[in-house]
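For reference, the structure is listed below as structure tokens.
Quick note on labels: first sequence line is chain A, next is B, and so on, each numbered from 1. Being a predicted model, the structure only gives us computed values, none of them experimental.
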Number of protein chains: 2
Amino acid sequence: MTLEPVAAHAPLELEHFLPYRLSILSNTVSQSIATEYQDRFELSMTEWRVMTILARFPEISAREVVDRSAMDKVAVSRAVARLVDAGRVDRGIHDGDKRRSVLKLSEAGWAIHDEVAPLARAHERELLARLDEGEQAQLNSILDKLLAL
Amino acid sequence: MTLEPVAAHAPLELEHFLPYRLSILSNTVSQSIATEYQDRFELSMTEWRVMTILARFPEISAREVVDRSAMDKVAVSRAVARLVDAGRVDRGIHDGDKRRSVLKLSEAGWAIHDEVAPLARAHERELLARLDEGEQAQLNSILDKLLAL
DNA sequence: TGCAATTGGTTACAAGTGAAACTATAACGT
DNA sequence: ACGTTATAGTTTCACTTGTAACCAATTGCA
């Protein structure tokens, strides 16, 4: 008594399923930017994220990087370790709380940042170029709503 | 002679950077769905994706799963192996091409699918509930443009 | 003061992942 | 028909990642 057995199961249509579409888009975009700096600077995506945070908020602790980045603390710890190792980040100790680190980009770190940041912005512009002004504004406002915890 | 040294470096503002926002949103959404089925069914995200593809397109080869899923072939191979192992997918061999597999969900596979799919759809609805009708339509059309290769 | 609970950060171990090498089959060109 | 090339899929190895355990410094409070 089962005509159209597949339809009876109501499979998801991935190509119209929002979470799936978001994931494809996000991966494509992030990856296309990442491949540019990964080879050139031997820089992982996590490391680059940490660097952008430190560029905007110098002299913060690893904990604050975690808070500001929505990354997990182990990932940050490892990224910072490698960045310090590579001489791209300077790590100090907080006065009055010896647990806390105080992180900032080194000269070398800034040099890389200043090369990669425009490149990332260019990718964003290229992506947004497919939308007109109105759509760009709509997208922003929609993302605001979806990201509001 | 460097006043405002940070501004001079023009750091990215992650919270307004589209690729970053997409990535946060996508990870949050996918993860919130995934945690529901991971514990309950011991099912990884990759395996679930393969299952959704097989639900929509039964009797296809692993190769076709790769093509339709934008996943990498090793990941698919492993996911399929585990699904077959767990009795959730039946694997046959293509007539006339012994290299190709012919995959489809087993009874047990369909049973899981039929539990998880509505759950995934509920998450999508919950997400979209934050937007009004017009915004939902805009988002769809914008995603269409951004995803058009 | 002293000791349990919390916090910043690292380490250890298991699981997951990707690139490249490999096996088996099929397709192609001569 | 036969050797070359291409394809489907798996395996291996090195690397990454996540979870939980851990250490050290700090806080809270009896």
Side-chain angles (χ1 to χ4, degrees), chain A residues 23-24 26-28 30-32 34-35 37-39 41-50 53-54 57 59-86 89-104, chain B residues 23-24 26-28 30-32 34-35 37-39 41-50 53-54 57 59-86 89-104:
Chain A
S23 144
I24 296 285
S26 166
N27 288 342
T28 309
S30 290
Q31 201 46 53
S32 84
T35 46
Y37 55 73
Q38 277 174 350
D39 305 335
F41 301 100
E42 204 128 6
L43 193 64
S44 79
M45 209 158 72
T46 338
E47 290 168 71
W48 169 242
R49 282 207 183 154
V50 169
I53 308 260
L54 292 182
F57 308 100
E59 313 267 332
I60 64 178
S61 68
R63 180 77 222 294
E64 276 180 86
V65 174
V66 169
D67 291 341
R68 294 185 177 283
S69 66
M71 292 164 51
D72 124 309
K73 80 184 197 160
V74 178
V76 169
S77 167
R78 286 197 265 239
V80 168
R82 294 186 50 186
L83 288 169
V84 170
D85 238 46
V89 164
D90 294 333
R91 170 162 45 190
I93 293 173
H94 191 273
D95 310 355
D97 188 342
K98 290 174 203 157
R99 291 169 309 177
R100 273 180 222 176
S101 54
V102 179
L103 306 168
K104 63 167 197 265
Chain B
S23 143
I24 297 284
S26 165
N27 288 341
T28 307
S30 290
Q31 200 47 53
S32 84
T35 47
Y37 56 72
Q38 276 174 350
D39 306 334
F41 301 101
E42 205 131 3
L43 193 65
S44 77
M45 210 159 73
T46 339
E47 289 167 72
W48 169 243
R49 283 216 179 145
V50 169
I53 308 259
L54 292 182
F57 309 100
E59 313 268 331
I60 65 178
S61 68
R63 181 77 221 293
E64 275 179 88
V65 174
V66 169
D67 290 342
R68 293 186 177 282
S69 66
M71 292 164 53
D72 123 310
K73 81 183 198 160
V74 177
V76 169
S77 167
R78 286 195 267 239
V80 167
R82 293 185 49 186
L83 288 168
V84 170
D85 239 46
V89 163
D90 295 333
R91 168 161 47 190
I93 293 172
H94 191 272
D95 310 355
D97 187 344
K98 290 174 203 159
R99 293 169 307 176
R100 271 181 224 180
S101 54
V102 178
L103 306 169
K104 63 166 194 264

- Message: Rounding to an integer number of Å, can you tell me how far A:L43 CG sits from D:dC15 C1'?
- Response: 17 Å
- Could you state the atom-to-atom distance from CZ of A:R91 to P of C:dG9 in whole Å? 9 Å
- Nearest atoms (heavy-atom pairs only) where B:I24 meets A:A70: CD1-CB, 3.6 Å
Name the pairs: protein N/O against N/O of nucleotides 17-20 of chain D, kept only if under 3.5 Å.
{"residue": "D:dG18", "atom": "N7", "partner": "A:R78", "partner atom": "NH2", "Å": "2.5"}
{"residue": "D:dG18", "atom": "O6", "partner": "A:R78", "partner atom": "NH1", "Å": "3.0"}
{"residue": "D:dG18", "atom": "O6", "partner": "A:R78", "partner atom": "NH2", "Å": "3.1"}

- Rounded to whole Å, CG of B:D95 lies from P of C:dT25 at a distance of 16 Å
- Quick one: closest heavy-atom pair of B:T35 and B:D39, and the distance? O-OD2, 3.6 Å
- For the residue pair B:E59 and B:V102, what are the closest heavy atoms and their distance? OE1-CG1, 3.6 Å
- Item | Non-neighbouring partners of B:R49 that pass side-chain contact (heavy atoms from CB on, under 4.5 Å), sequence neighbours left out | A:Y20, A:S23, B:M71
- Would you please name every residue forming a salt bridge (Lys or Arg N to Asp or Glu O under 4.0 Å) with A:R91, sequence neighbours left out? none
- Quick one, give me the B/S/- string for nucleotides 1-8 of chain C, reading 5' to 3', where B means a protein heavy atom under 4.0 Å from the base and S means that only happens at the primed atoms, P, OP1 or OP2. ------BS
- Taking all heavy atoms of B:R100 and all of B:S61, pick out the closest pair and write down the distance. CG-CB, 4.2 Å
- Expressed in angstrom and rounded to an integer, what is the separation of A:I93 atom CD1 from C:dT10 atom C1'? 14 Å
- Quick one: B:E47 CD to C:dG16 C1', roughly how many Å, whole number? 11 Å
- Which residue, A:V50, A:D90, A:L103, forms the side chain to side chain contact (heavy atoms under 4.5 Å, CB included) with A:L83? A:V50
- Output every pair passing side-chain hydrogen bond (donor to acceptor under 3.5 Å, both in side chains) with a member in residues 69-78 of chain B, not counting sequence neighbours, ordered by first then second residue. none
- Task: To the nearest Å, give me how far apart NZ (B:K98) and P (D:dT10) are.
- Result: 17 Å
- Query: Partners of A:R82 by salt bridge (Lys or Arg N to Asp or Glu O under 4.0 Å), sequence neighbours excluded?
  - Reply: A:E47
- Query: Are A:S77 and C:dG9 close enough that a side-chain N or O sits under 4.0 Å from OP1 or OP2?
  - Reply: no
- What is the distance, rounded to the nearest whole Å, between atom CG of A:D85 and atom P of C:dT10? 12 Å
